[in-house]
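Shown next, in structure tokens, is the structure this report addresses.
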Amino acid sequence: MAATNQNSTQGPATGNSEAPGLDSEIQLVSSLAKLQELERKIHELRGFMPQGLLEPLVPIANPDKVTLGNPIAETPRILRASLDEAARARVADVQQFQSLWRDPELLSVWAHVESRIRESNGQLIQPTGKWERDYDVLLEELAQKEKSKVDERQREEEEAERTKAQSTEGEWKNVLERFIQRDVPGVRVTQGQDENSLAVALVRAGVVFQIKGVSFPASPISDWEVSNKIAGRSPTKLESAILGCVGSRPRKWDLAFLLDMISSYADIKQTPCAKCNRLTDNGAQLPTLRRPQANQQPVDGPARIYTFDALHSGCV
């Protein structure tokens, strides 16, 4: 494994076309972390025979080794069951090791190592016999840095979109018109009597939401407030759950995002949870949470259409 470590780290510098999975630092570190995990499991596997398989016999041969998790078997049947369970557990460990060994990400590693062996006529750099770094820790650090970069890029893109939308007088009306032209099934939108207000009706769900733009004097709309206040009645539990999710949404300045999010509830009584694939959870609740899918488009591109995954609160 250490030999693989030393040679793998030199892969990108050689320009080796046989290792397409080693073309970035994070991919390289991820592969090395898997190699470390393989080596750790190899050491574990060495203890499976005979210690692991014969573990139920240890308390019988040595009463001082009796534990709550490994007591003395009271009958031959219990001993047989314990031996069978130990064997199944060891087989599962071996299968897990085989699965990791055949991981698609490691195929490029094995191809790279074989290529280096051929190039050097079997003469490999001698390893030190130990790993110099904990690559799982390094991988986590790189993943955090990458996430920070992605988050910062998304913030910059959103700020550019917000600035562009708010710099155009009446842009929200264009957004509304484009949405109405799409004629989303089960969704009806009408402009309200008050300025900067509209109503969205989810016909099949039997829910109507009131939307009102919020802005400071001589400033563009900075937020869209959503309510379902109807004189003479209180909101249902379903309506309150939807409002809670909509109220906690990102991009509160973005009317297109809001309209698509509300529209995702049009078939709420027929849309299963994206995670558990069930319509109702153990509490008989519908998936009232919405998580935006990754469908980013360029800021200067065509009007964006947002899509959402439906989720139960317990499946987040």
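As the structure is a computational prediction, the values presented were derived from the model and not from experiment.
Glu152 and Arg155 are joined by a salt bridge, as a carboxylate oxygen and a charged side-chain nitrogen come within less than 4.0 angstrom of each other. Using a 4.0 Å cut-off between a side-chain N of Lys or Arg and a carboxylate O of Asp or Glu, Arg153 and Glu156 do not qualify as a salt bridge. We find that Arg40 and Glu37 are joined by a salt bridge, their nearest charged nitrogen and carboxylate oxygen being less than 4.0 Å apart. With salt bridges taken as basic N to acidic carboxylate O contacts below 4.0 Å, one links Glu171 and Arg178. Comment: Glu161 engages Arg251 in a salt bridge, judged by a side-chain N to carboxylate O separation of less than 4.0 angstrom.
Distance alone, capped at 3.5 Å, is enough to place a donor-acceptor pair between the Arg290 side chain and the Pro287 backbone. Although no hydrogens or angles enter the test, the distance criterion places no donor-acceptor pair under 3.5 Å between the side chain of Thr163 and the main chain of Ala160. Side-chain atoms of Ser264 come within 3.5 Å of backbone atoms of Met261 as a donor-acceptor pair (strictly under, hydrogens ignored). Remark: the backbone N or O of Gln270 is not paired with any side-chain donor or acceptor of Asp267 at under 3.5 angstrom. When atom types are taken as modelled, the side chain of Lys212 and the backbone of Gly192 share no donor-acceptor pair closer than 3.5 angstrom. Remark: the backbone N or O of Arg133 is paired with a side-chain donor or acceptor of Gln36 at under 3.5 angstrom. Remark: the backbone N or O of Ala256 is paired with a side-chain donor or acceptor of Asp254 at under 3.5 angstrom. With His312 contributing its side chain and Leu279 its backbone, the two residues share a donor-acceptor pair below 3.5 Å.
Inter-residue side-chain proximity for Leu28 and His112 is flagged as unmet; no heavy-atom pair is nearer than 4.5 Å. With a 4.5 Å cut-off on side-chain heavy atoms, Asn228 and Leu243 count as touching. Using a 4.5 Å heavy-atom threshold, the side chains of Ile221 and Val214 count as separate. Between Leu258 and Arg249 there is a side-chain heavy-atom pair separated by less than 4.5 Å. At least one side-chain heavy atom of Leu38 sits under 4.5 Å from a side-chain heavy atom of Leu106. You'll find the side chain of Gln96 stays beyond 4.5 Å of the side chain of Trp101, heavy atoms only. Counting only heavy atoms from C-beta outward, the side chains of Leu100 and Phe97 never approach each other to under 4.5 Å. Contact of the Asp260 side chain with the Val184 side chain is not registered, since no non-hydrogen atoms from C-beta on lie closer than 4.5 Å.
Among residues two or more places apart in sequence or in another chain, the ring-ring contact (aromatic ring centres under 6.0 Å, His included) test is passed with Phe257 by Tyr306, Phe308.
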- Query: Stepwise, does the side chain to side chain contact (heavy atoms under 4.5 Å, CB included) test hold for Ser263 with Phe179?
  - Reply: CA-CA 10 Å; Ser263 298; Phe179 180 83; 3.0 Å; yes
- Task: Show your reasoning for whether side chain to side chain contact (heavy atoms under 4.5 Å, CB included) applies to Leu259 and Val187.
- Result: CA-CA 10 Å; Leu259 291 174; Val187 181; over 6 Å; no
- Message: One pair to check against salt bridge (charged side-chain N to carboxylate O under 4.0 Å, His left out): Arg88 and Glu85. What are the steps and the verdict?
- Response: CA-CA 5 Å; Arg88 285 192 295 269; Glu85 182 179 354; 5.5 Å; no
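Residues Gln210 and Ser227 bring no donor and acceptor atom of their side chains to less than 3.5 Å of each other. With hydrogens and angles left out, the side-chain atoms of Glu177 and Trp172 include no donor and acceptor closer than 3.5 Å. The closest side-chain donor-acceptor pair between Gln144 and Glu140, if any, does not fall under 3.5 angstrom.
Contact detail for Lys275 and Cys315: the closest heavy-atom pair is CD-O, 2.9 Å.
Remark: Asp151 CG is packed, more than 12 non-hydrogen atoms of other residues, nucleotides or ligands lying under 6.0 Å away.
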